[in-house]
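Reading through the structure tokens given below for one structure.
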There are 2 protein chains.
Amino acid sequence: MIDRTGPVAPYRQVSNEIAARIGAGDLAPRQRIPTETELCKEFGVSRGTARNATAALRDLGLVVTVPHRGTFVAQHGEQGAEPAD
Amino acid sequence: MIDRTGPVAPYRQVSNEIAARIGAGDLAPRQRIPTETELCKEFGVSRGTARNATAALRDLGLVVTVPHRGTFVAQHGEQGAEPAD
DNA sequence: GTGTATTTGTTCGTATGTATC
DNA sequence: CGATACATACGAACAAATACA
């Protein structure tokens, strides 16, 4: 869960957590990160907040979102790459 | 963009601009006006301000908002009308 | 080809906290 | 204090593309 008493916005806490997993190799390149709905359940946030979190990761170039497929860990700073399969 | 130095509130500037487009026929009856998000981008305002602007247009009877569909130019002073399609 | 489930995209409704004038 | 603005958040509904049986 997230901390709603601190100064860090919920969507930031979610994106930070996912970024940490990527950094730790818990989520490998080309691997799909949790779906928006899964993030909702896992962190107890709304879908809008989950979307904000993935958008933040996208801004960082850490992930690439493929419409109707999912959001995947970028490989070495790839923004417009192809998860291909 | 809008003028933040003058006496006219930003939401008023936005609603005035949209009203002008309607008056000029740039936005025709039954046509959808820019979404709240689009107004945010176009005028550089927050969504709350965009909402205030569309609410002002609604008060004037110039537009009709359909939940989850959009906000449409009213036909000849219709407030509770149906964009139908 | 059809139907269903999954997943992201989009849009409006609403509320809260903070800041400015 | 009130009006306005902004960022963030939650909720709800529908659209569209994809995947699979």
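Chain letters run A, B, ... following the sequence lines, proteins first, then strands; residues in each count from 1.
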Find the distance [X]:[atom1] to [N]:[atom2] and express it as a whole number of Å.
| X | N | atom1 | atom2 | answer |
| --- | --- | --- | --- | --- |
| His68(B) | dT14(C) | NE2 | C1' | 11 Å |
| Phe72(B) | dT11(C) | CZ | P | 11 Å |
| Gln13(B) | dT4(D) | CD | P | 13 Å |

Considering non-hydrogen atoms only, spot the tightest contact between [X] and [Y] and give its length.
| X | Y | answer |
| --- | --- | --- |
| Ala74(A) | Val64(A) | CB-CG2, 4.0 Å |
| Pro10(A) | Arg4(A) | CG-NH1, 4.0 Å |
| Val14(B) | Ala53(B) | CG1-CB, 3.5 Å |
| Ala50(A) | Leu39(A) | CB-CB, 3.9 Å |
| Ile2(B) | Gln13(B) | CB-OE1, 3.3 Å |
| Thr54(B) | Ile33(B) | CG2-CD1, 4.2 Å |

Determine the sole option in Arg51(B), Arg58(B), Glu36(B) for which the side chain to side chain donor-acceptor pair (under 3.5 Å) test with Thr65(B) is passed.
Arg58(B)

So, with a heavy-atom separation below 4.0 Å from DNA chain C, the residues of residues 32-39 of chain A are Arg32(A), Thr35(A), Glu36(A)

Is there a chain of hydrophobic side chains (I, L, V, M, F, W, Y, each step under 4.5 Å between heavy atoms) that links Val8(B) to Phe43(B)?
no

With the criterion being N/O to N/O and under 3.5 Å, what pairs connect the protein with nucleotides 5-9 of chain D, and how long is each?
{"from": "dA5(D)", "atom 1": "OP1", "to": "Pro10(B)", "atom 2": "N", "distance (Å)": "2.8"}
{"from": "dA5(D)", "atom 1": "OP1", "to": "Tyr11(B)", "atom 2": "N", "distance (Å)": "2.9"}
{"from": "dC6(D)", "atom 1": "OP1", "to": "Arg4(B)", "atom 2": "NH1", "distance (Å)": "3.1"}
{"from": "dC6(D)", "atom 1": "OP1", "to": "Arg4(B)", "atom 2": "NH2", "distance (Å)": "2.8"}
{"from": "dC6(D)", "atom 1": "OP2", "to": "Ser46(B)", "atom 2": "N", "distance (Å)": "3.0"}
{"from": "dC6(D)", "atom 1": "OP2", "to": "Ser46(B)", "atom 2": "OG", "distance (Å)": "3.1"}
{"from": "dC6(D)", "atom 1": "OP2", "to": "Thr49(B)", "atom 2": "OG1", "distance (Å)": "2.4"}
{"from": "dT8(D)", "atom 1": "OP1", "to": "Tyr11(A)", "atom 2": "OH", "distance (Å)": "3.2"}
{"from": "dA9(D)", "atom 1": "OP1", "to": "Pro10(A)", "atom 2": "N", "distance (Å)": "2.5"}
{"from": "dA9(D)", "atom 1": "OP1", "to": "Tyr11(A)", "atom 2": "N", "distance (Å)": "2.9"}

